[in-house]
**Student:** 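The structure under discussion is supplied below as structure tokens; questions concerning it will follow.
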Amino acid sequence: MTIPLLKAFIVDEVVPGAAATGLVALGLLGDPAVVSFLQGYLDSAVAELRWAAAFALTRFGMDEPAVVDVLLHAAARPPEKTGTMLPFLSGSYLGLTTMALADT
């Protein structure tokens with residue numbers, strides 16, 4: 001029941017940081033059924049959403065070029081910090097990206 005509600009939240013959410021947090025949460029839940037949903041955000045126009053989808057996909061052992069490219073781009077140019085930044089690791093995209101890349 002959690003996954004459908006979380007997916008609906010992400011789709012409807014207008015605040016990028018909140019939606020990105022939802023994407024990361026989907027990855028942390030570990031249900032492979034969400035992989036295609038997450039992959040749909042790798043091409044998002046919003047850097048936070050691309051990063052969150054790539055980060056979440058690494059939780060499933062995905063190290064395909066599209067995922068790694070998004071993470072490397074985020075490491076080189078982290079998404080701009082906003083008032084809605086991710087709460088994980090104090091919103092350190094670089095720290096989280098480094099962890100994700102180390103796992104790929």
Side-chain angles (χ1 to χ4, degrees):
M1 179 104 169
T2 301
I3 290 174
L5 292 173
L6 194 51
K7 286 169 71 175
F9 166 77
I10 293 164
V11 168
D12 292 337
E13 183 55 52
V14 296
V15 178
T21 300
L23 290 169
V24 170
L26 280 178
L28 294 174
L29 287 173
D31 185 340
V34 302
V35 167
S36 64
F37 179 82
L38 293 169
Q39 287 172 322
Y41 282 89
L42 288 176
D43 294 327
S44 173
V46 180
E48 284 177 291
L49 298 181
R50 286 191 308 273
W51 174 88
F55 180 85
L57 287 165
T58 65
R59 305 297 93 196
F60 298 98
M62 297 194 71
D63 59 359
E64 63 189 44
V67 171
V68 174
D69 286 348
V70 168
L71 292 173
L72 289 174
H73 183 73
R77 301 183 89 195
E80 194 171 312
K81 290 201 179 211
T82 65
T84 62
M85 69 182 183
L86 290 166
F88 309 107
L89 281 181
S90 301
S92 172
Y93 288 102
L94 184 56
L96 288 163
T97 299
T98 302
M99 286 175 38
L101 286 169
D103 288 342
T104 61

**Student:** Please name the pair of heavy atoms, one in Val35 and one in Met62, separated by the smallest distance, quoted to 0.1 Å.
**Tutor:** CG1-SD, 3.5 Å

**Student:** Give me the atom names and distance for the closest heavy-atom approach of Ala52 to Ala20.
**Tutor:** CB-O, 3.4 Å

**Student:** Does any pair with a residue in residues 7-40 pass ring pair (Phe, Tyr, Trp, His ring centres under 6.0 Å), and if so which ones, sequence neighbours excluded?
**Tutor:**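 Counting only pairs at least two positions apart or across chains, the ring pair (Phe, Tyr, Trp, His ring centres under 6.0 Å) contacts touching residues 7-40 are Phe37-Tyr41.
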
**Student:** Which residue is it: Leu6, Leu57, Leu23, Leu26? I am looking for the one with a side-chain contact (heavy atoms from CB on, under 4.5 Å) to Val34.
**Tutor:** Leu26

**Student:** Carefully, step by step, assess Glu64 and Leu42 under the rule side chain to side chain contact (heavy atoms under 4.5 Å, CB included).
**Tutor:** CA-CA 12 Å; Glu64 63 189 44; Leu42 288 176; 4.3 Å; yes

**Student:** With Ala8, which residues qualify under side-chain contact (heavy atoms from CB on, under 4.5 Å), at least two apart?
**Tutor:**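 None.
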
**Student:** How close do Ala19 and Leu49 get, heavy atom to heavy atom, and via which atoms?
**Tutor:**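 That closest heavy-atom pairing would be CB-CD2, 3.6 Å.
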
**Student:** Enter the distance from Ile10:CD1 to Leu38:CG here, rounded to the nearest 0.5 Å.
**Tutor:** 7.5 Å

**Student:** If you look at every heavy atom in Val67 and Ala54, which pair is closest and at what distance?
**Tutor:**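 Closest heavy-atom pair between Val67 and Ala54: CG1-O, 3.6 Å.
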
**Student:** Is there a side-chain contact between Val24 and Trp51, using heavy atoms and a 4.5 Å cut-off?
**Tutor:** yes

**Student:** Apply side-chain contact (heavy atoms from CB on, under 4.5 Å) to Asp31 and list each qualifying residue two or more places apart in sequence or on a separate chain.
**Tutor:** Ile3, Ala33

